[in-house]
Number of protein chains: 2
Amino acid sequence: MTVPNSRSAAARPDVRASPPRLAAVASPLYLREDEIRRGIELLYFGYTSMVRGADAILAREGFGRAHHRALYFIARRPGMAVGDLLRLLAITKQSLGRVLTELQGKGLVEQSIGTTDRRQRLLRLTKSGESLEAALFAELETGMAAAYGEAGQSAVTGFWSVLIGLIPAADRALVEGLRQR
Amino acid sequence: MTVPNSRSAAARPDVRASPPRLAAVASPLYLREDEIRRGIELLYFGYTSMVRGADAILAREGFGRAHHRALYFIARRPGMAVGDLLRLLAITKQSLGRVLTELQGKGLVEQSIGTTDRRQRLLRLTKSGESLEAALFAELETGMAAAYGEAGQSAVTGFWSVLIGLIPAADRALVEGLRQR
DNA sequence: CAAGATATGTCAACATGACTGTCCCAAATT
DNA sequence: AATTTGGGACAGTCATGTTGACATATCTTG
């Protein structure tokens, strides 16, 4: 037997034509392949559309998307330690090291020694780092605010909850830890 | 004046604490920065969580994510011409060329000459290409179906509509053209 | 206090998948 | 007949990820 081909399961009912009668359906048996593929595609195109907006600004400064991600999270959680950023980005320290060295070299990021643990290096943006991050954020914000506005508040809640469901449970605390306190 | 820093606008009302009184609010003035950032972050982590699941399978076959994207779209629209795939992926033909050459070399993709326009090369998966794509799809499906199931059907609708809003209007027809007809 | 674990940094080599620029051929369009 | 379009190829470069090895400072634990 070869790898199972879920595409051959053709006769499942369409949930949009006949929604499930029971609230809080546990088993998603009613989901058709086309709906899964639509989610995959929209997630791909939505994500790439979002990040593409910032590329022109980044290119002007001689940076790439890796620099953007570092700037973004340092802006979001000033004083974050290197190890925390490493876990968020899920890359190797060598990869992050290069990016941080470049950002520090151009005076956008600075480090300080951890207060409770002196081995830690706490990261924050300099004034010019904040300016660049703000410009990049403004790019993303434009698209995201328009999408939120078009879709409406309840759609936004649904958008969030599906995305949270995509993140492995073990990683969710990491993401939730970014929120405003 | 430097680049505007939207993070300094601190006193906007929290929509979750006091939702807008008017239905179908046209101007998203009520959106706070934290809600925008939450969308950015969930989109980033949701997207990376989704694609990471397929990496192990790809690595076993000696392929990367670029091959996965090509396989995915060829599976989705068999008979698609090279140029259509190029427009979907928004990469250069040199980049796509390498990927397609490798996929053809390993016997996963085959070409045929266009019927109405003989310059075109129409792409389809071979039997073994279909097997691999099915295995990759099954990986993504697992996560997506679980997320849909947890969130519920109305959340899924919201998820879709926000993502569509993120895609520039000019590109939406391309994405919608992938759906089942 | 000594030993081990942890946080961080660095050097080196390499792989993937983008990019630009250039040139080519065949087929369609004008 | 001339031009445009669809596809392919060669060459070089860049951004960003990877392994592996090793060093240093600091914290934790027996």
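Only this structure's heavy atoms are used, side chains among them; waters, hydrogens and symmetry mates stay out. Below, chains carry the letters A, B, ... as their sequence lines are ordered, and counting in each starts from 1.
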Distance in angstrom units between L96(A) CG and dA7(C) C1', rounded: 13 Å
Go through the N and O atoms of the side chain of Q94(B) and the base of dG7(D), and report whether any donor-acceptor pair is under 3.5 Å. no
Taking the side chain of A66(B) as its heavy atoms from C-beta onward, which of dA18(C), dG7(D), dT18(D) lies nearest to it? dA18(C)
Between P of dG7(D) and CZ of R87(B), the distance in whole Å: 8 Å
Ignoring hydrogens and angles, does a donor from either the side chain of K93(B) or the base of dG6(D) sit under 3.5 Å from an acceptor on the other? no
Should the ring pair H67(B) and F63(B) be called parallel, tilted or perpendicular, given that the plane angle runs from 0 to 90° and is split at 30 and 60? tilted
Residues in contact with DNA chain C, drawn from residues 98-120 of chain A - heavy-atom cutoff 4.0 Å: Q111(A), R119(A), Q120(A)
Here the distance between atom C1' of dG7(D) and atom CG of L85(B), to the nearest Å, is 13 Å
Side chain of R69(A) only, heavy atoms from C-beta on: which candidate in dT19(D), dA18(C), dG17(D) is closest? dG17(D)
Could you give the CG-to-C1' distance, from L89(A) to dT18(D), as a whole number of Å? 15 Å
Nearest whole Å is fine: how far is dT8(C) C1' from L122(A) CG? 12 Å
What I want to check is whether the side chains of S95(B) and T92(B) have a donor and an acceptor closer together than 3.5 Å. yes
Figure out the CE/C1' separation between M80(B) and dG6(D), and round it to whole Å. 15 Å
So that I can tick it off, tell me whether R121(B) and E110(B) are bridged by a salt bridge, with the cut-off set at under 4.0 angstrom between side-chain N and carboxylate O. no
Examine dG17(C): is either OP1 or OP2 under 4.0 Å from a nitrogen or oxygen in the side chain of S95(B)? Give yes or no. no
Could you label the plane-to-plane angle of the F73(B) and F45(A) rings as parallel, tilted or perpendicular, counting under 30° as parallel and over 60° as perpendicular? tilted
Could you tell me whether G64(A) contacts a base, only the sugar-phosphate backbone, or nothing, with contacts defined as non-hydrogen atoms closer than 4.0 Å? sugar-phosphate
On DNA chain C, check which nucleotide each of I91(B) and G83(A) is closest to and give me the residue with the more 5' one. G83(A)
Fit a plane to each ring of Y44(B) and Y47(A), take the angle between them on a 0 to 90° scale, and name the class: parallel (under 30°), tilted (30 to 60°) or perpendicular (over 60°). tilted
Side-chain ion pair, E41(B) and R76(A), N-O less than 4.0 Å: yes
Please state how far atom CZ in F63(B) lies from atom P in dA15(C), giving the value in whole angstrom units. 17 Å
Between T92(A) and dT18(D), does any side-chain N or O lie under 4.0 Å from OP1 or OP2? yes
Do NZ/NE/NH1/NH2 and the carboxylate oxygens of K127(A) and E133(A) come within less than 4.0 Å? no
Would you please confirm or rule out a distance under 4.0 Å between OP1 or OP2 of dA15(D) and any side-chain N or O of H67(A)? no
Could you tell me how far apart L86(B) (CG) and dC19(C) (C1') are, to the nearest whole angstrom? 13 Å
